There are 2 protein chains.
Amino acid sequence: MIDKEFLATIDVDEAVPGKTRDALRAAHLYYMQDLTMDAIAQELHTSRSSVSRLLSHARASGLVEISIHSPLDLPSRIEHEILERFAVQAHVIPVPDHASDVDRLDRVALSAARILGRFIDSNLTVGLAWGSTMGAMSRHLVPKATHNSEIVQLNGAGNLRTTGIVYASELLRRFGDAFGARVQQFPVPAFFDDPATKQAFWRERSTQRLLDLQGRLDLALFGIGSPFAEVPSHVYQGGYLERPDYEGLSRDGAVGDVATVFYRADGSTDGISLNERATGPDFAVLRRAPRRICVVSGRAKLASLRGALAAGLITDLIVDEGTARVLVETQAG
Amino acid sequence: MIDKEFLATIDVDEAVPGKTRDALRAAHLYYMQDLTMDAIAQELHTSRSSVSRLLSHARASGLVEISIHSPLDLPSRIEHEILERFAVQAHVIPVPDHASDVDRLDRVALSAARILGRFIDSNLTVGLAWGSTMGAMSRHLVPKATHNSEIVQLNGAGNLRTTGIVYASELLRRFGDAFGARVQQFPVPAFFDDPATKQAFWRERSTQRLLDLQGRLDLALFGIGSPFAEVPSHVYQGGYLERPDYEGLSRDGAVGDVATVFYRADGSTDGISLNERATGPDFAVLRRAPRRICVVSGRAKLASLRGALAAGLITDLIVDEGTARVLVETQAG
DNA sequence: CCCACCCTTGCACATATTTTCATGCGGCTT
DNA sequence: AAGCCGCATGAAAATATGTGCAAGGGTGGG
């Protein structure tokens, strides 16, 4: 058994780089020298198909990076306006207005995944919320080698029906794999039933260690929950909350949540009773992270987004064009 | 009349950016969201063909940048060895060994042109030699917007038969256009007939101004001339030198030239009489440029390349794989 | 105002690329 | 040792992309 594992190790250390080497060479020939895949196939003594696959691999694994620069004299009007109005660096993703919400989310997530590489680097502690947006992103991450980075789960994932741990851990793992980072799971439900349980749990040393990490994030990455939107966020579908919870939120004036912590339109959180049972970090804690990236898609989340902006949670916003447009067009300043 | 010009102005200010805007959007959709050109055509209310052209435009004009990263754990062995042995950062261009010299040169020049963008920036004074290598590069430059940059011709271009100015100025212009830089021509022959003429010319104030610029380069870009190689460099084909000149070079032990200045295998230039009549900068002057990029292809130039390395002329080397391999394999280190 | 010209566009065809599918090669299990 | 994955490969089919060409629209000159 040990022998076999040893052999497997040899495999990843030698055979795979052979493939990487080929992919790298193919990429040079294709993207730098404009050869056709046919010609490359000859040079590499293989078939067109294999070259096509090699190039896909090169793109998917981040060997090839494609970036798009706006000419400096043509800055996106919308991005500029968001920067002015909210002091937030926006990345507006073009999506046609008639696209379905699912489509829209996918396309924003895909673009966001590709943009993310710019933010991730070595020696970073990255906080990660989770939800449908993060899930969609996790499927499209472009790997980037980093050292000594750490992915920290921001909020619990258990719900009434399942522990949710499988899903959340899968998501964390994908991020971890893509960036070669350690992952720190947070094995608690999304919401406790009893605030007292949470408080007790929070006193545990293992929890303390995690909370400590959350307080020292370099980067936070999250979507936004919108409890009263027509298309409820993932968190609201899976039996995490029950009718009384919703009624409470409604009564308290909540318009959205970030990592299970709810806020009002003005960004305030005090007195929203569900937060006593939430597992995500206080906004005061979250705001300690110097860079906080929020990925949002769909006009339904507009009110929630406005609240998050008011709360000062966001430093970088990745958002679909339609939503961005409404955000700046309405004179809500 | 004025009205028409006014309208035309509006056109360039609005219509052309309209195209750029479309190209940018198409690039986002294509490269970030993986839509097919067909789908993009629908979103942009145009035809597939136009999208294809839009994307070509986006690539050619530098809106889209494609770069290739070696994984850090797989650094090119050859590049690393060149760095060790010669303290020169190498960019090795893969080219099959059986490729013709013309092919090889083209492919190196194409890759070099695309790599060049990394080096060019605003507020830079760039010295440019010229020859077949630079000519080939000039046809493939990827534009990059810079401010306040300047391209300075390093050596004269006139020869016995033509003034050569048309060709050299075309080449300079292409570089200037690609980077939005001013160009400083150097309207002299490649070699003077009489050293005294050169000295007289060098005392002219207009020449002084140019020499002054050459002494303050931030970046120098040049190929290498190899007078005794089987495939003579451009400079040797066009009637720039005559038989007695070659005999002199041979007697003086010259193995190559950079911007018309010849050197021996050990990098020395003293006592090579042709240099008295050359128009390129002294190596002492050239070496003041903090970054000096040399583009070479073909094993025939190996001896010349070795000499240039010995002379310490090069900080960054762009070279084809075959030549690079021979360079490090022979124990001349 | 008309005309020649040039640039852009979309169509149809030519190429290039991706995907599917059948096959074969290890490695592992029984 | 036979049998069974799981994965990689190339041929062929299915898509996607690039390009020559003719038509249309706008522009500048007469």
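Throughout, protein chains are lettered first and strands after them, A, B, ... in sequence-line order, and every chain is numbered starting at 1. Remember, predicted model here, so these are calculated numbers, not experimental data.
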Value in whole Å for how far the [atom2] atom of [N] lies from [atom1] of [X]:
X: A:Gln42; N: D:dG10; atom1: CD; atom2: P; answer: 13 Å
X: A:Lys19; N: D:dT9; atom1: NZ; atom2: C1'; answer: 12 Å
X: B:Ile40; N: D:dT15; atom1: CD1; atom2: P; answer: 19 Å
X: B:Asp34; N: C:dT18; atom1: CG; atom2: C1'; answer: 13 Å
X: B:Leu54; N: C:dT8; atom1: CG; atom2: C1'; answer: 12 Å
X: A:Arg53; N: D:dA8; atom1: CZ; atom2: C1'; answer: 8 Å

Sugar-phosphate only, base, or nothing, as touched by A:Ser56 at under 4.0 Å among non-hydrogen atoms: nothing
Would you indicate, yes or no, if [N] has its OP1 or OP2 atom less than 4.0 angstrom from a side-chain nitrogen or oxygen of [X]?
X: A:Thr36; N: C:dA16; value: no
X: B:Ser49; N: C:dG10; value: no
X: A:Arg48; N: C:dT19; value: no
X: B:Ser52; N: D:dA16; value: no
X: B:Tyr30; N: D:dT17; value: yes

Nearest-nucleotide pick for B:Met37, side chain only, options being C:dG10, D:dT17, C:dT18: D:dT17
Distance-only donor-acceptor test, B:Ser47 side-chain atoms vs C:dC11 base atoms, 3.5 Å: no
Verdict with supporting geometry, A:Glu79 and A:His91, side chain to side chain donor-acceptor pair (under 3.5 Å): CA-CA 7 Å; A:Glu79 291 179 5; A:His91 300 267; 5.3 Å; no
Among A:Thr133, A:Val108, A:Asp101, A:Ile93, side chain to side chain contact (heavy atoms under 4.5 Å, CB included) partner for A:Ser297: A:Val108
Spatial distance of atom CZ (A:Arg107) from atom OG (A:Ser100) [nearest 0.5 Å]: 9.5 Å
Non-hydrogen atoms of A:Val92 and A:Pro94 that approach each other most closely: O-CD, 3.6 Å
